[in-house]
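Everything numeric in this text was worked out from a predicted model, so none of it was measured.
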Amino acid sequence: MVGFLASLGVSDLCAGWPGTASYAATQAAHMALGCVAALMPRSLQIVLLGAWLAKEAFSDIAGCGWAGGVMADSATDLACAAIGWAAVSRFRRRNGRSG
């Protein structure tokens, strides 16, 4: 379990291209995290976003020497999460649910 948690603090691109299937699966997981976050109270969403931004900046990006590709990967990670969050938020608004 510790190894798995430690792996979350390393960018997929730090050691090179992980492969298309692996990268696509990771981005799908980021979208799913965004979907789950959209179901949480707004204050918790803000806390989670702050924690995720800090993780990307101080673990993924800094841990790989501020490489441009890793920065782009971090932006893609956050964009995929935002897509998932927006989809669920829009669905909830259309169906009369707050959040």
Query raised in the report: What about V70 and W17, same hydrophobic cluster or not, with Ile/Leu/Val/Met/Phe/Trp/Tyr joined at side-chain heavy-atom distances under 4.5 Å?
Result: yes
Report task. Rounded to the nearest 0.5 Å, what's the gap from CG on D12 to CG on D60? Could you check? Result -> 8.0 Å
Query raised in the report: Is the H30 to W52 ring centre distance short of 6.0 Å?
Result: yes
Report task. Check D73 against Q27 and note the closest heavy-atom contact, atom names and distance. Result -> OD1-NE2, 3.7 Å
Query raised in the report: Can you get from L44 to V36 by hopping between Ile, Leu, Val, Met, Phe, Trp and Tyr side chains that sit under 4.5 Å apart?
Result: yes
Query raised in the report: Mind checking whether V10 and M71 sit in one hydrophobic cluster, side chains of I, L, V, M, F, W, Y counted as touching below 4.5 Å?
Result: no
Query - Least distance between heavy atoms, C35 atom then G84 atom - result: SG-O, 3.6 Å
Query raised in the report: Which atom names give the shortest non-hydrogen contact between R92 and A38, and what distance separates them?
Result: NH1-O, 3.3 Å
**Report entry** Heavy-atom closest pair, residues E56 and S74
**Finding:** OE1-OG, 2.5 Å
Query - Side-chain heavy-atom pair I61, K55 within 4.5 angstrom cut-off - result: no
Report task. Specify the closest pair of heavy atoms between A37 and W85, including all atoms of both residues, with the distance to one decimal. Result -> C-CD1, 4.2 Å
Query raised in the report: Given side chains that start at C-beta, do those of P41 and Q45 come closer than 4.5 Å, heavy atoms only?
Result: no
Requested in this report: State plainly whether one hydrophobic cluster holds both L48 and V88, where clusters connect Ile, Leu, Val, Met, Phe, Trp and Tyr through side-chain heavy atoms under 4.5 angstrom apart.
Outcome: no
Query raised in the report: Where do L13 and G69 come nearest, in terms of heavy atoms and distance?
Result: CD1-O, 3.5 Å
